[in-house]
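Atom set for the values below is all heavy atoms of this structure, side chains included, hydrogens, waters and symmetry mates excluded.
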Amino acid sequence: MKKRWLLNLILLAVVAGLITFLYVRPKTEANKAIEYEVSPYKLAEFNAISIEFPAKAPVTFEKVDKYWRLTAPYKTRADQISVQRVLAIIAAKSHQKIVTNDMEKFGLVNPSFKLKLFRDKNNVEEFLFGTHSPLTDEQYIAHKGTVYLVSNSYAEAASTQVIEMVDKAPLKPTEKVAGFDFSRLEQWESSRLNLDLVDGQWKVSIKEAKPLQNEMNEWVDYSWVHTLAKSVELYTPDHKTVYPSFEIKLADGSKVHFDKIQESPDLLLGRPDEGIMYTFPSDSGFVMLNPPINLPSK
């Protein structure tokens, strides 16, 4: 009798557990949030961007030779990652999708700004950015008459200060280093230092130098190809002031000129053709202008 009672109790527990599982599982799936895609587009579809604000000049970008350039309010290379963050709105997903004619309710009649993505002049996709939800602090946006609620990060990316969207690399991605002319820098004036990449080997104009090829390649790669300034600003050369300067020789035979405006506490390098001044920490700056050519100690 006791065994039957225990068996019934175990069966009751199993049945109760099964009922609970079957009840809770569909409820969890039903409550699972649905995500809506804001758009079906791909990054590669667009070749121009315009960010338009109510009270200031628009910020515009254009893709040239596969790379994004800032075209307004001034013309220079754009930071590619910053532009990708702006374009990320096309991949956004939202838990809310609202089809409505009452755009004013969401601050979309007079939006905080408009983001326009161009395939060409006559083919544009427009995203409007409105108010924020007081419950989630997400932001309402509109695209093709539909309202979505998305993360604030998309607006923050598009509203970044323009100077922060400038490429912080001193060289363009397409500029391949083939040499350096440091002969007009103070520390190299007497030796007229030049470096040249000849048949894959670095040659130094100073006879006593004993450069190690791996060290030279690492220096070029670390100090010039993949380095980024800690900040940038607009630069207009003062023709009344003569700065120490140097040139980087490129594989296509052209040269890039840099003015050394300041060496300490930070290294300031001006690139006149781009109209940009780059700021590097002093330790990194010292390495940039002093290649490891292994001169014998005196």
Side-chain angles (χ1 to χ4, degrees), residues 34-133 136-168 172-174 234 274-276:
I34 298 174
E35 286 188 326
Y36 301 97
E37 292 185 347
V38 171
S39 81
Y41 313 129
K42 292 181 171 38
L43 296 178
E45 292 183 46
F46 303 102
N47 53 44
I49 301 170
S50 178
I51 308 171
E52 301 176 3
F53 302 91
K56 59 180 180 180
V59 178
T60 62
F61 301 88
E62 184 177 349
K63 189 184 286 187
V64 180
D65 295 331
K66 299 180 180 180
Y67 293 99
W68 288 97
R69 288 189 60 82
L70 185 65
T71 53
Y74 33 82
K75 301 180 186 299
T76 189
R77 276 181 289 135
D79 175 57
Q80 303 301 300
I81 294 177
S82 294
V83 179
Q84 297 297 328
R85 290 189 184 124
V86 174
L87 282 169
I89 189 62
I90 67 175
K93 293 183 179 180
S94 173
H95 295 307
Q96 290 196 34
K97 179 179 180 181
I98 307 166
V99 180
T100 178
N101 292 324
D102 188 8
M103 292 295 182
E104 187 171 359
K105 177 181 178 181
F106 305 101
L108 294 164
V109 173
N110 297 301
S112 55
F113 67 90
K114 300 177 182 179
L115 173 59
K116 295 180 179 179
L117 308 180
F118 296 83
R119 295 183 183 86
D120 55 55
K121 292 182 179 179
N122 301 315
N123 196 342
V124 57
E125 301 296 339
E126 183 177 72
F127 298 83
L128 309 179
F129 286 73
T131 56
H132 294 76
S133 166
T136 64
D137 201 34
E138 293 176 301
Q139 188 169 14
Y140 289 105
I141 68 166
H143 176 57
K144 291 186 179 297
T146 302
V147 177
Y148 302 90
L149 192 58
V150 300
S151 166
N152 286 328
S153 62
Y154 300 106
E156 291 171 358
S159 303
T160 300
Q161 289 188 17
V162 181
I163 196 66
E164 293 301 322
M165 293 186 173
V166 174
D167 190 359
K168 294 181 176 61
K172 300 176 184 177
T174 54
L234 299 181
E274 295 261 278
I276 297 296

Looking at Ile51 and Ala158, what are the two nearest heavy atoms and their distance? CD1-O, 3.5 Å
Could you report the tightest heavy-atom contact between Ala88 and Tyr154, atom names first, then the distance? O-CE2, 3.6 Å
Got [X] and [Y] here, is their nearest side-chain heavy-atom distance under 4.5 Å?
{"X": "Thr76", "Y": "Asp167", "value": "no"}
{"X": "Val124", "Y": "Leu117", "value": "no"}
{"X": "Glu126", "Y": "His143", "value": "no"}
{"X": "Pro73", "Y": "Val162", "value": "yes"}

With sequence neighbours left out, what residues match Glu156 under salt bridge (Lys or Arg N to Asp or Glu O under 4.0 Å)? none
Using the test salt bridge (Lys or Arg N to Asp or Glu O under 4.0 Å), find all partners of Lys114 that sit at least two apart in sequence or belong to another chain. none
For side chain to side chain contact (heavy atoms under 4.5 Å, CB included), just list the numbers for Met165 and Val86, CA-CA rounded to whole Å, side-chain angles, deciding distance to a tenth of an Å, and then say yes or no. CA-CA 10 Å; Met165 293 186 173; Val86 174; 4.1 Å; yes
Contacts of type side-chain hydrogen bond (donor to acceptor under 3.5 Å, both in side chains), residue Ser153, not counting sequence neighbours: Ser151
Using side-chain hydrogen bond (donor to acceptor under 3.5 Å, both in side chains) as the criterion, list what pairs up with Asn123, not counting sequence neighbours. Arg119
Would you say [X]'s side chain and [Y]'s backbone share a donor-acceptor pair under 3.5 angstrom?
{"X": "Glu164", "Y": "Gln161", "result": "no"}
{"X": "Gln139", "Y": "Asp137", "result": "no"}
{"X": "Thr71", "Y": "Thr60", "result": "yes"}

Before you tell me yes or no, could you show the steps for Leu128 and Ile141 under side chain to side chain contact (heavy atoms under 4.5 Å, CB included), namely the whole-Å CA-CA distance, both residues' side-chain angles and the distance that decides it to 0.1 Å? CA-CA 5 Å; Leu128 309 179; Ile141 68 166; over 6 Å; no
So which pairs with a foot in residues 50-89 pass ring-ring contact (aromatic ring centres under 6.0 Å, His included), sequence neighbours left out? Phe53-Phe113
Assess whether side chain to side chain contact (heavy atoms under 4.5 Å, CB included) is satisfied between Tyr36 and Thr146, documenting all intermediate values. CA-CA 11 Å; Tyr36 301 97; Thr146 302; over 6 Å; no
Run the side chain to side chain contact (heavy atoms under 4.5 Å, CB included) test on Val59 and Leu70 for me, step by step, so that the C-alpha distance in whole Å, both residues' side-chain angles and the decisive distance to 0.1 Å come before the verdict. CA-CA 8 Å; Val59 178; Leu70 185 65; 3.8 Å; yes
With Thr100 via side-chain contact (heavy atoms from CB on, under 4.5 Å) - residues at least two apart: Ile98, Asp102, Phe106, Val147
